[in-house]
Engineer: 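Next up is a structure, given as structure tokens.
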There are 2 protein chains.
Amino acid sequence: MRPTKRDELVQQALQAFYRNGFQATGMDMLAAETGISKTSMYKHFRTKEDLILAVLRLRDEHFRNWLYRRMEELAETPRQQLIAMFDALEEWFAEPGYRGCMFIKASSEYQDANHPIHKQSAEHKRMLEIHITDLARKAGLRDADALARQLLLLKEGAMVTAHLGHTANPAQDAKAAAIQLIEAHRQ
Amino acid sequence: MRPTKRDELVQQALQAFYRNGFQATGMDMLAAETGISKTSMYKHFRTKEDLILAVLRLRDEHFRNWLYRRMEELAETPRQQLIAMFDALEEWFAEPGYRGCMFIKASSEYQDANHPIHKQSAEHKRMLEIHITDLARKAGLRDADALARQLLLLKEGAMVTAHLGHTANPAQDAKAAAIQLIEAHRQ
DNA sequence: CTCTATGTTTACCGATCGGTACACTTTGCA
DNA sequence: TGCAAAGTGTACCGATCGGTAAACATAGAG
């Protein structure tokens, strides 16, 4: 299990796909941008779709790790961490290269619900839901499942709105809403 | 100003783009699907981008008209209409061909904030924001601007989540959250 | 020292991309 | 009746699409 080249390809492909979109990024462009020959790319991945799936797996791992860690760094109790999720998002939105959620993009370009790329994007969201539900439960909040789903709606909305950019600070809008929803779920 | 053919093209192109995505729908496929010759299409629209912009204009008009009217049909007072927005969304999500928000898709495929397609998508969201803010104000709710932004975050989140489909009924989750947020903004 | 895995370059495949040229047909109106 | 607008089919353009063939370079391990 050597790391290096293959992982390097996936990592650089992630950047390119995130910046340019999936369909708009051709394999030739990818080869030119990464400096890795097309032949080598197709030794590692049988199709472009396989490469995209690998990219999404990496993104899922990175994003969830980053978000969960950042939430823990920003707050101590589970309840405060739920709220801190939106501060973490705000940091992300403020990054220069922010272009929205990669999984929303992926499911926008591969719309069929049975398409592997679409299914994997949905799986990412499901993983997030499990974690946030668990956190809401640990916080001792009433109806943790429903609350988690509501908070995640705010998160999705904030990510989309931050990309569409017609609003100043969607993360803080979401945070204010989240605080009220959490308050309403105290028991 | 003859209607017919040009409008027919835009309407059918809307269906095709919504079903298949923008980049994935070629002009040849469009010609085959609509029965309108490529030559005619390029007589009406100088580029594919121009056609997409026309499609988005039509979609904006249709969607906003539909949503506003449905909200009024479903509820009487402005405050109830704000809540009814999510019942209207639920109806939309339940339609067989539902594939998420066309403007989110468009901004996902044309990511550059300065791209005309991206800008027009943002404009659609801004129009919605104005209307919902106005409604929140008519409902006599405190901090109508902030509340409207929060409700719209729920709406965006619900549309995305309904498309990703990892959750049973995002519209009703959003509605429950909206009710609590509105309640918190009574004065 | 050789074998094998991993990588490379270059050229190519058929299909499709957005867009155009050109000659022809239909149709509403004066 | 005749003319112009609007629409048609067909064939084409160079570029790019995802993917492949073949011959060659490099390097670590037995």
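Both backbone and side-chain heavy atoms feed into the values below; hydrogens, waters and symmetry mates do not. Below, read A as the first sequence line, B as the second, and so on, with proteins coming before strands; counting in each chain starts at 1.
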Engineer: Check DNA chain D against residues 48-57 of chain A and give the residues with a non-hydrogen atom under 4.0 Å, in numerical order.
Structural biologist: A/K48

Engineer: Run the side-chain contact (heavy atoms from CB on, under 4.5 Å) test against A/R64 and tell me which residues pass, sequence neighbours left out.
Structural biologist: A/D60, A/Y68, A/H124, A/M127, A/L128

Engineer: In whole Å, what is the span from the OH atom of B/Y42 to the P atom of C/dA21?
Structural biologist: 13 Å

Engineer: If I take atom CD in residue A/Q23 and atom P in nucleotide C/dG18, what distance separates them, rounded to the nearest angstrom?
Structural biologist: 11 Å

Engineer: Nearest whole angstrom, please: distance from the C1' of D/dT20 to the CE of A/M27.
Structural biologist: 12 Å

Engineer: Is there a donor N/O on one and an acceptor N/O on the other, under 3.5 Å, for the side chain of B/T39 and the base of D/dG9?
Structural biologist: yes

Engineer: For B/Q81 and B/E72, indicate whether the former's side chain and the latter's backbone hold a donor-acceptor pair under 3.5 Å.
Structural biologist: no

Engineer: Among C/dG7, D/dG18, D/dG7, find the nucleotide with the atom closest to the side chain of B/K43.
Structural biologist: D/dG7

Engineer: Please report the distance, rounded to the nearest Å, between CG in B/D28 and P in D/dT16.
Structural biologist: 17 Å

Engineer: B/F17 has an atom CZ; how far is it from atom P of C/dG18, in whole Å?
Structural biologist: 8 Å

Engineer: Can you check whether A/H44 has a side-chain N or O nearer than 4.0 Å to OP1 or OP2 of C/dG7?
Structural biologist: yes

Engineer: Between C/dT8, C/dG19, D/dG7, spot the one nearest the side chain of B/T47, thanks.
Structural biologist: C/dG19

Engineer: Would you say A/N20 and B/Q111 are linked by a side-chain donor-acceptor pair, where the criterion is simply a distance under 3.5 Å?
Structural biologist: no

Engineer: Please give, in whole Å, the distance from D/dG7 C1' to B/L9 CG?
Structural biologist: 12 Å

Engineer: Under 3.5 Å, is there any donor-acceptor pair linking the side chain of B/K38 to the base of C/dG19?
Structural biologist: yes

Engineer: Separation of B/R6 atom CZ from D/dG7 atom P, in whole Å?
Structural biologist: 10 Å

Engineer: Strictly under 6.0 Å, is that where the ring centroids of A/Y110 and A/H118 end up?
Structural biologist: no

Engineer: Answer with yes or no whether the side chains of B/E90 and B/Q172 bring together a donor and an acceptor at under 3.5 Å.
Structural biologist: yes

Engineer: When you check the side-chain N and O atoms of B/Q180 and A/Q180, is any donor under 3.5 Å from an acceptor?
Structural biologist: no

Engineer: For D/dT8, does OP1 or OP2 lie under 4.0 Å from any side-chain N or O of B/S37?
Structural biologist: yes

Engineer: In whole Å, I'd like the distance from the CG atom of B/D7 to the C1' atom of D/dA6.
Structural biologist: 14 Å

Engineer: Between A/F86 and A/W92, is the ring centroid distance below 6.0 Å?
Structural biologist: no

